[in-house]
There are 2 protein chains.
Amino acid sequence: MKDLLPAPADYRLEGRVWVQGPHDRFLGIGRLELLVQIQATGSISRAAAAMGMSYKRAWDLVHSMNTQARTPLVATQTGGKSGGGALLTPAGAQAVAEFQDVQARFRAFLADETQRLAGQ
Amino acid sequence: MKDLLPAPADYRLEGRVWVQGPHDRFLGIGRLELLVQIQATGSISRAAAAMGMSYKRAWDLVHSMNTQARTPLVATQTGGKSGGGALLTPAGAQAVAEFQDVQARFRAFLADETQRLAGQ
DNA sequence: AGCCGTTATATTTTGTAAAATACAACCCGT
DNA sequence: ACGGGTTGTATTTTACAAAATATAACGGCT
């Protein structure tokens, strides 16, 4: 693109990747961050607030992941000393780790291709 | 994800990539196909029809690409023997070729990562 | 001069995803 | 018993992208 663009340095390859199931999306960057925030805050509602997302949307995303996975990624509890809460299951932690790796390789791919665009 | 999912073979990594400029998107898979259809049909309106897209939307996309590139990717003509038409400039043909290469490498990346998901 | 099919452009309508709102259920602690 | 903060769920409202509609301009042809 070097000679196609007025300022090639201002252009870069961007993108998104996600794990797609037969019916629904299973895991993408937004769901990943949601899982991380649940891990960090111990609740869906605080994770949603931290991301500027409505609780309903966050809950729907958790529900989608939990029902698609063989075993839930997020364990929830209603009521209790602090009203309830949520935390990652081992499966959830594994999903986070694996998808973070995918994301890292994808970022590398994008950086590579951005270099190539600027070069050729 | 092998042990996270009930039927790992049904899940795969999907995604999108695009060339992003400082203000607008410059080129993605939709714009690429639009350019290819313009090349094939000789007009924006026929290209739009071939893609099930409104003429306005197609024209807006062409306008966005033409104004961002150093030199237009699509040359248009109003009036004339068949009412007018559009065709790819050399710059447009080069953009198509380069972005098709990016897409090919991205498809390879996705296939790789899908294999990895199924495997580990 | 008038027709045709296109480009070019503005405005209105529609469809849909997200947000907002509301409220029941839960259960530990006081 | 009830207060608090959460999960769980339905419904309404809002925001925005896309589609639909409308219309002018263009220029070769008959």
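Excluded from the calculations below are hydrogen atoms, water molecules and symmetry mates; all remaining heavy atoms, backbone and side chain alike, are included. Residue numbers start from 1 in every chain, and the chains themselves are labelled A, B, ... in the order their sequence lines are given, proteins ahead of strands.
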Practice item. Sugar-phosphate means primed atoms, P, OP1 and OP2; the rest is base. With that split, encode nucleotides 7-20 of chain D 5' to 3' as B, S or - using protein heavy atoms under 4.0 Å. Key: BBSBB------SSB

Revision key, fill the gap. Heavy-atom nearest pair, Ala47(A) first then Thr41(A), reads N-OG1, 3.5 Å

**Study point:** Nearest non-hydrogen partners of Ala118(A) and Lys2(A), listed with the distance
**Key:** O-CD, 3.5 Å

Check your understanding: Between the main-chain N or O of Leu13(A) and the side-chain N or O of Thr114(A), is there a donor-acceptor pair closer than 3.5 Å?
Key ->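 Yes, because the side chain of Thr114(A) sits within donor-acceptor range (under 3.5 Å) of the backbone of Leu13(A).
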
Study note, to complete from the structure: Residues passing the side chain to side chain donor-acceptor pair (under 3.5 Å) test with Arg12(B), sequence neighbours excluded, are Glu14(B)

Practice item. Quickly work out the Leu61(A) CG to dA18(C) C1' distance and round it to whole Å. Key: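 So the two atoms are 11 Å apart, to the nearest Å.
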
Check your understanding: Side-chain contact, heavy-atom cut-off 4.5 Å: Glu33(A) with Ile29(A)?
Key ->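 No - every pair of side-chain heavy atoms lies 4.5 Å or more apart.
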
**Study point:** Parallel, tilted or perpendicular, as decided by the 30° and 60° cut-offs, for the rings of Tyr11(B) and Phe26(A)
**Key:**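 Phe26(A) and Tyr11(B): perpendicular rings.
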
Review point. Can you name the one residue among Leu61(A), Leu35(A), Thr89(A) that meets side-chain contact (heavy atoms from CB on, under 4.5 Å) with Val74(A)?
Key: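 Of Leu61(A), Leu35(A), Thr89(A), side-chain contact (heavy atoms from CB on, under 4.5 Å) with Val74(A) is met by Leu35(A) alone.
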
**Study point:** Lys/Arg-Asp/Glu bridge criterion (N-O < 4.0 Å) met for Asp60(B), Lys56(B)
**Key:**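 Looking at Lys56(B) together with Asp60(B), the answer is yes, because their closest N to O distance falls below 4.0 Å.
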
Exercise for review: Could you check which residues of residues 22-40 of chain A get a heavy atom under 4.0 Å from DNA chain C? Sort them by number, please.
Suggested key: none

